[in-house]
Amino acid sequence: VSVAPDAVHPCVEPVSNVDLAPTILELAGARRTTGGPIDGRSLVKFARNTALRTERPLLHETGGLRATSLAPEDDTGTVPVRTIRTYRAVRTDRWLYVVYRSGDRELYDLLHDPFQLRSRHNDRRYAATRRVLRAELDRLSTCRGRDCRLASAPVPDPLESSTARR
């Protein structure tokens, strides 16, 4: 969100936790002097220009046992723990491709299915889409520094190709 004295303008550029450190460094006028490469990028230019957009995909990863605040602590102070399915995923403005540790996969067209109710992973028309998103997921899972901030490869739209063949 960009805040001007008289208005609040939402920024629609997708962001990730890896963007926080470079953003804070820029806002503080500081420079990083040691450490490894930074995978994220500063969000300051997006706050200043809320119409600015990139084609950068985002990596999502989770899993294992996690503490949750869905239920209150018991009398002993223990925080309830539940198992969350381990997965890696890549998200673009249009697509969400998920690979679970179990081998299960999901593919959602967020333009036509924004609530992720119908996975297209097993639909043969989406084979090229899956290949490109899988390659992006593999790239993002192993990238470091600047390579993590690159735009995604063009993702084929199976709905456009099927219409063109008719």
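Predicted, not measured: the structure shown is a model, and the values here were computed from it.
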Quick one: do H60 and V98 satisfy side-chain contact (heavy atoms from CB on, under 4.5 Å)? Show the steps, please. CA-CA 9 Å; H60 297 269; V98 184; over 6 Å; no
Distance-only, no hydrogens or angles: does the T86 side chain make a donor-acceptor pair with backbone N or O of R101 under 3.5 Å? no
If you round to the nearest 0.5 Å, how far is OG of S42 from CG of L20? 10.5 Å
Side-chain donor/acceptor of D39 to backbone N/O of G145, under 3.5 Å: yes
Do E61 and L140 have side chains that approach each other closer than 4.5 Å (heavy atoms only, starting at C-beta)? no
Sub-3.5 Å donor-acceptor pair from the side chain of R130 to the main-chain atoms of L133, do we have one? no
Heavy-atom count around R53 CZ within 6.0 Å, excluding the residue itself: above 12? yes
Keeping the roles fixed (side chain from R149, backbone from I38), state whether a donor-acceptor pair exists under 3.5 Å. yes
Out of curiosity, does V155 fall in the hydrophobic cluster containing L59 (side-chain heavy atoms, cut-off under 4.5 Å, transitive links)? yes
For the side chain of E106 and the backbone of H121, is there at least one donor-acceptor N/O pair under 3.5 Å apart? no
So which residues get pulled into L117's cluster when ILVMFWY side chains under 4.5 Å apart are joined, directly or through others? F115
For L110, side chain to side chain contact (heavy atoms under 4.5 Å, CB included) partners two or more places apart: R91, L96, Y108, Q116
Which atom of P57 lies closest to which atom of R139, heavy atoms considered: CG-NH2, 3.8 Å
Heavy-atom distance under 4.5 Å between the side chains of L58 and V90, does that happen here? no
Indicate yes or no for a side-chain donor-acceptor contact from T50 to the backbone of F46 under 3.5 Å, with no hydrogens or angles considered. no
Audit row: R88, L137, side-chain contact (heavy atoms from CB on, under 4.5 Å) steps and yes/no: CA-CA 8 Å; R88 292 183 308 140; L137 180 58; 4.0 Å; yes
Does some side-chain heavy atom of D93 sit less than 4.5 Å from a side-chain heavy atom of P14? yes
Tell me, yes or no, whether the heavy-atom count around R94 atom CZ, taken from other residues, nucleotides or ligands under 6.0 Å, exceeds 12. yes
Would the distance check show the side chain of R120 and the main-chain N or O of R124 forming a donor-acceptor pair, the cut-off being under 3.5 Å? no
Would you say CZ of R146 has more than 12 non-hydrogen atoms from neighbouring residues, nucleotides or ligands within 6.0 angstrom? no
Shortest non-hydrogen contact from D157 to L159? OD1-N, 2.9 Å
Test your reading of the model: is there a side-chain donor-acceptor pair from E26 to the backbone of V44, 3.5 Å cut-off? no
Any donor-acceptor N/O pair, T92 side chain to W95 backbone, under 3.5 Å: yes
Applying a strict under-4.5 Å side-chain criterion to I, L, V, M, F, W and Y, I'd like to know whether V132 and Y97 cluster together. yes
Taking only Lys NZ, Arg NE, NH1 and NH2, and the carboxylate oxygens of Asp or Glu, determine whether E13 and K45 approach each other closer than 4.0 Å. no
Which pair of heavy atoms, one from P22 and one from G40, lies closest together, and at what distance? CG-C, 3.7 Å
Going through the distances and angles, do D123 and R118 end up as a salt bridge (Lys or Arg N to Asp or Glu O under 4.0 Å)? CA-CA 11 Å; D123 188 329; R118 187 168 177 200; 5.9 Å; no
For T23 and L43, indicate whether the former's side chain and the latter's backbone hold a donor-acceptor pair under 3.5 Å. yes
R32 and L25, any side-chain heavy atoms less than 4.5 Å apart: yes
Can you give me the closest heavy-atom contact between D138 and T142, atom names plus distance? O-OG1, 3.2 Å
